[in-house]
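Here the structure comes first, spelled out in structure tokens, and everything after it is commentary.
Order of the sequence lines sets the chain letters (A, B, ...), proteins ahead of strands, with each chain counted from 1. Basis for what follows: all heavy atoms, side chains included, without hydrogens, waters or symmetry-related copies.
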Amino acid sequence: MEREVRVRFAPSPTGPLHIGGVRTALYNYLLARKLGGKMLLRIEDTDQNRFVPGAEDYIRQSLEWCGIELDESPWNGGPHAPYRQSERKPMYLQYAQQLIDSGHAYYAFDTPEELDAMRARLTAAKVPNPQYNSITRAQMRNSLTLPAEEVKQLLESGAPYVIRLKVPRKEEVRFNDLIRGWVVVHSSSIDDKVLMKSDGMPTYHLANIVDDHLMEITHVIRGEEWLPSAPLHVLLYRYLGWEDTMPQFAHLPLLLKPDGTGKLSKRDGDRLGFPVFPLEWHGKDAETGAPTVSSGYRESGYLPEAFINFLAFLGWNPGSQQELFTMSELIEAFSIERVSKSPARFDQNKVRWYNEQYLRAKPDAELAQYLTESLQGQGVEMPTSKAEQIAALVKERATFPADLAREAQLFFQRPATYDEQVISKKWNAQVAGALKEFAGQLRATPDTSPDGIKALLTQVLETQGLKIGQVLQALRVAVTGAAAGPDLMHIMSILGAEETAERINQAVAQLPAA
RNA sequence: GGUCCGUUCGUCUAGGGGUUAGGACUGCAGAUUUUCAUUCUGCCAACAGGGGUUCGAUUCCCCUACGGACUACCA
């Protein structure tokens with residue numbers, strides 16, 4: 001019988017989620033929806049030292065903004081609650097115990113100093129791979145080397161201990177990665193990983209396997225940084241007796257820093273000149289504790305649809321020529337096999353391009369709504385119909401919503417200065433006279449559509465013996481102050497006859513007509 | 001150092017034993033726009049290197065180089 005597809009995104013609340021994490025969440029979500037399965041979110045907070053207040057809420061808000069919906073999570077519950085590992089703490093020890101009972105794990109009492117000394121000794125002896133393993137464990141203080149009686153005493157006396165996995169000395173561990181194919185690792189390169197820490201918390205490795213099993217996860221989609229520990233996880237499934245329901249693995253390629261090399265990290269933030277976080281993050285400097293702010297895509301004016309579309313294409317493509325995908329189209333087109341193996345770097349230009357595409361595709365009414373709200377902030381009121389006209393006119397010139405408001409300024413502010421280049425070249429007494437005449441007639445014309453205004457202008461200029469090319473730049477500067485901008489006829493039409501005429505007259509009065 | 005993963009235009013990528021190696025972003029040029037932007041058209045631009053296998057390799061195999069990840073009682 002086919003099992004229901006269940007995937008999980010399992011972030012650690014140690015700070016803001018960066019876009020690599022968002023992409024991992026996205027691919028999980030796409031696969032779940034594509035296959036009619038469930039998307040879970042589990043908080044992996046087994047390291048109490050790294051807990052960052054607000055991080056969990058940040059994760060929730062980020063996913064919400066992106067439109068990544070969760071079927072089960074700490075916030076909306078589910079059949080396998082709780083979904084925070086810290087709240088699942090009592091569940092893990094029994095599985096570690098099971099491994100000890102079956103001889104696949106053991107107690108270790110080594111102090112951090114003893115561990116350091118061991119590594120130093122191995123390094124000094126030029127051992128290629130210093131680790132706590134099948135060889136070195138014989139020299140350490142653990143339940144394999146200590147007499148049973150002493151182990152019992154230590155445990156009873158409350159001495160700190162960890163539980164380590166007893167990794168076999170010679171064994172090939174293999175698994176079939178959905179993206180990379182067969183990955184084979186020799187057990188000699190895996191060390192005896194700590195499963196239970198001395199504080200009673202499981203490590204990632206144990207908690208991850210136990211929870212994925214209990215939560216009936218079918219596909220583990222995570223970053224490539226987990227690839228080296230995947231064989232360890234396979235071993236864990238095997239020793240716990242869960243190999244037959246072990247999830248399939250898919251290790252995603254890394255997201256690289258746009259500059260230089262290396263994987264994108266949270267620290268890269270504003271150093272790169274563009275956000276690496278979905279939402280703005282208010283944090284603290286690790287050393288000084290001073291407040292820090294890292295910019296977010298949302299606050300920078302990116303539309304979530306554009307952000308998601310861009311992110312989806314960083315490491316995946318549908319194999320067609322289509323570039324623009326809504327979330328539901330992504331779901332339809334997604335398949336894990338089409339995720340690429342090689343890492344991807346950011347392209348700032350492309351995110352911007354995506355944003356422009358999505359911005360322009362928005363209905364004018366929606367853009368007008370934004371425009372109205374943002375101009376209200378500066379005390380400007382306008383009717384909806386006018387906002388829509390402006391939005392339609394300026395959206396081709398905008399990358400971000402904020403550009404709309406900026407471009408719209410000319411409608412609410414008369415020119416304070418006039419472009420000098422144009423004035424020196426195009427402004428003269430004859431032109432000024434013609435424009436004054438045009439302004440006068442404009443006030444009387446019944447047709448203030450862009451075409452109507454153009455017709456009127458042509459007609460006035462004809463009587464003045466001027467060609468349109470001789471005055472249009474001057475007219476633009478008279479009306480807007482600037483040498484460049486949206487179509488002038490539309491500007492004048494939206495401005496209305498009265499306002500346009502007044503602006504022209506103001507320019508004629510102020511500019512010396514040599 | 002060790003283990004593992006990777007390598008097609010500047011970037012994201014398609015492709016795959018015989019192709020003019022395709023698209024998108026950027027850049028450049030032209031057209032339209034009396035302007036800037038948009039739009040349209042065109043151009044520049046890639047199979048890391050060396051060995052095999054083969055009639056033929058960018059495609060399959062090996063090696064090298066380069067890049068990356070991991071190498072904690074962090075996830």
- Taking the six-membered ring for Trp, are Phe249(A) and His233(A) parallel (under 30°), tilted (30 to 60°) or perpendicular (over 60°)? tilted

Inspect the contact between [Y] and [X] and indicate whether a charged nitrogen and a carboxylate oxygen are less than 4.0 angstrom apart.
| X | Y | answer |
| --- | --- | --- |
| Glu56(A) | Arg84(A) | yes |
| Lys193(A) | Asp191(A) | yes |
| Arg238(A) | Glu171(A) | yes |
| Asp57(A) | Arg60(A) | yes |
| Arg121(A) | Glu114(A) | no |
| Asp192(A) | Lys166(A) | no |
| Lys89(A) | Glu87(A) | no |

Among [options], which is the nearest nucleotide to the side chain of [X]?
| X | options | answer |
| --- | --- | --- |
| Ala344(A) | rU13(B), rU26(B), rC5(B) | rU13(B) |
| Arg345(A) | rU11(B), rU13(B), rC4(B) | rU11(B) |
| Asn317(A) | rA14(B), rU3(B), rU35(B) | rA14(B) |
| Pro343(A) | rC4(B), rG6(B), rC12(B) | rG6(B) |

Expressed in angstrom and rounded to an integer, what is the separation of [X] atom [atom1] from [N] atom [atom2]?
| X | N | atom1 | atom2 | value |
| --- | --- | --- | --- | --- |
| Arg174(A) | rC5(B) | CZ | P | 12 Å |
| Glu407(A) | rA37(B) | CD | C1' | 8 Å |
| Lys257(A) | rG67(B) | NZ | C1' | 14 Å |
| Phe400(A) | rA37(B) | CZ | P | 18 Å |
| Glu323(A) | rA14(B) | CD | C1' | 11 Å |
| Leu256(A) | rC5(B) | CG | P | 18 Å |
| Asp347(A) | rG23(B) | CG | P | 18 Å |
| Leu255(A) | rU11(B) | CG | P | 15 Å |

Between the protein and nucleotides 61-63 of chain B, list every N/O to N/O distance that falls short of 3.5 Å.
none

[atom1] gap between [N] and [M], integer Å:
| N | M | atom1 | result |
| --- | --- | --- | --- |
| rC25(B) | rU38(B) | P | 12 Å |
| rU13(B) | rA29(B) | C1' | 25 Å |
| rC73(B) | rC5(B) | P | 25 Å |
| rA48(B) | rU35(B) | P | 45 Å |
| rA57(B) | rA45(B) | C1' | 23 Å |
| rG67(B) | rA14(B) | C1' | 23 Å |
| rC44(B) | rA65(B) | P | 36 Å |
| rG15(B) | rC9(B) | P | 15 Å |

Atom pairs, protein N/O to nucleotides 19-22 of chain B N/O, distance under 3.5 Å:
none

- Query: Does Tyr204(A) have its ring centroid less than 6.0 Å away from the ring centroid of Trp226(A)?
  - Reply: yes

Does any donor atom in the side chain of [X] or [Y] lie under 3.5 Å from an acceptor atom in the other side chain?
| X | Y | value |
| --- | --- | --- |
| Asp211(A) | Tyr83(A) | no |
| Tyr161(A) | Asn142(A) | no |
| Arg222(A) | His251(A) | yes |

What donor-acceptor contacts under 3.5 angstrom involve side-chain atoms of residues 318-327 of chain A, with partners at least two apart or in another chain?
from	atom 1	to	atom 2	distance (Å)
Ser320(A)	OG	Gln322(A)	N	3.3
Gln322(A)	NE2	Leu324(A)	O	2.8
Thr326(A)	OG1	Ser328(A)	OG	3.4
Thr326(A)	OG1	Glu329(A)	N	3.1
Thr326(A)	OG1	Glu329(A)	OE1	3.4

Please write out each protein N/O paired with an N/O of nucleotides 38-43 of chain B under 3.5 Å, distance rounded to 0.1 Å.
from	atom 1	to	atom 2	distance (Å)
rU38(B)	O3'	Arg360(A)	NH1	3.3
rU38(B)	O2'	Glu396(A)	OE1	2.2

Students often get this wrong, so: under 4.0 angstrom with heavy atoms, is [X] touching a base, only sugar-phosphate, or nothing?
| X | result |
| --- | --- |
| Phe346(A) | sugar-phosphate |
| Arg476(A) | base |
| Gly223(A) | nothing |
| Ala483(A) | base |
| Pro486(A) | base |
| Val471(A) | nothing |

[N]: pairing nucleotide in any strand, Watson-Crick or G-U under 3.5 angstrom:
| N | value |
| --- | --- |
| rA69(B) | rU3(B) |
| rG42(B) | rC28(B) |
| rA14(B) | none |
| rA37(B) | none |
| rU58(B) | none |
| rU20(B) | none |

Side-chain polar contacts of residues 391-410 of chain A - donor-acceptor pairs under 3.5 angstrom, sequence neighbours left out - could you list them?
from	atom 1	to	atom 2	distance (Å)
Lys395(A)	NZ	Arg360(A)	O	3.4
Lys395(A)	NZ	Asp364(A)	OD1	2.9
Arg397(A)	NE	Glu407(A)	OE1	3.0
Thr399(A)	OG1	Glu356(A)	OE2	2.8
Asp403(A)	OD1	Arg406(A)	NH1	3.1
Asp403(A)	OD2	Thr399(A)	N	2.8
Asp403(A)	OD2	Phe400(A)	N	2.8
Gln409(A)	OE1	Gln378(A)	NE2	3.0
Gln409(A)	NE2	Gln378(A)	OE1	3.3
Gln409(A)	NE2	Ala405(A)	O	3.1

- Message: Among Tyr302(A), Phe313(A), Tyr354(A), Tyr297(A), which residue satisfies the ring-ring contact (aromatic ring centres under 6.0 Å, His included) criterion with Phe307(A)?
- Response: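 That would be Tyr297(A); it is the only one of Tyr302(A), Phe313(A), Tyr354(A), Tyr297(A) passing the ring-ring contact (aromatic ring centres under 6.0 Å, His included) with Phe307(A).
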
- Query: Got Glu225(A) and Lys263(A) here, is their nearest side-chain heavy-atom distance under 4.5 Å?
  - Reply: yes

- Task: Scan nucleotides 69-75 of chain B nucleotide by nucleotide, 5' to 3', and note B when protein non-hydrogen atoms come under 4.0 Å of the base, S if they reach only the sugar-phosphate, - if neither.
- Result: SS--BBB

- Message: Taking the cut-offs as 6.0 angstrom to the six-membered ring centre and 45 degrees off its axis, would you call Arg164(A) and Tyr107(A) a cation-pi pair?
- Response: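 No, Arg164(A) and Tyr107(A) do not form such a contact.
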
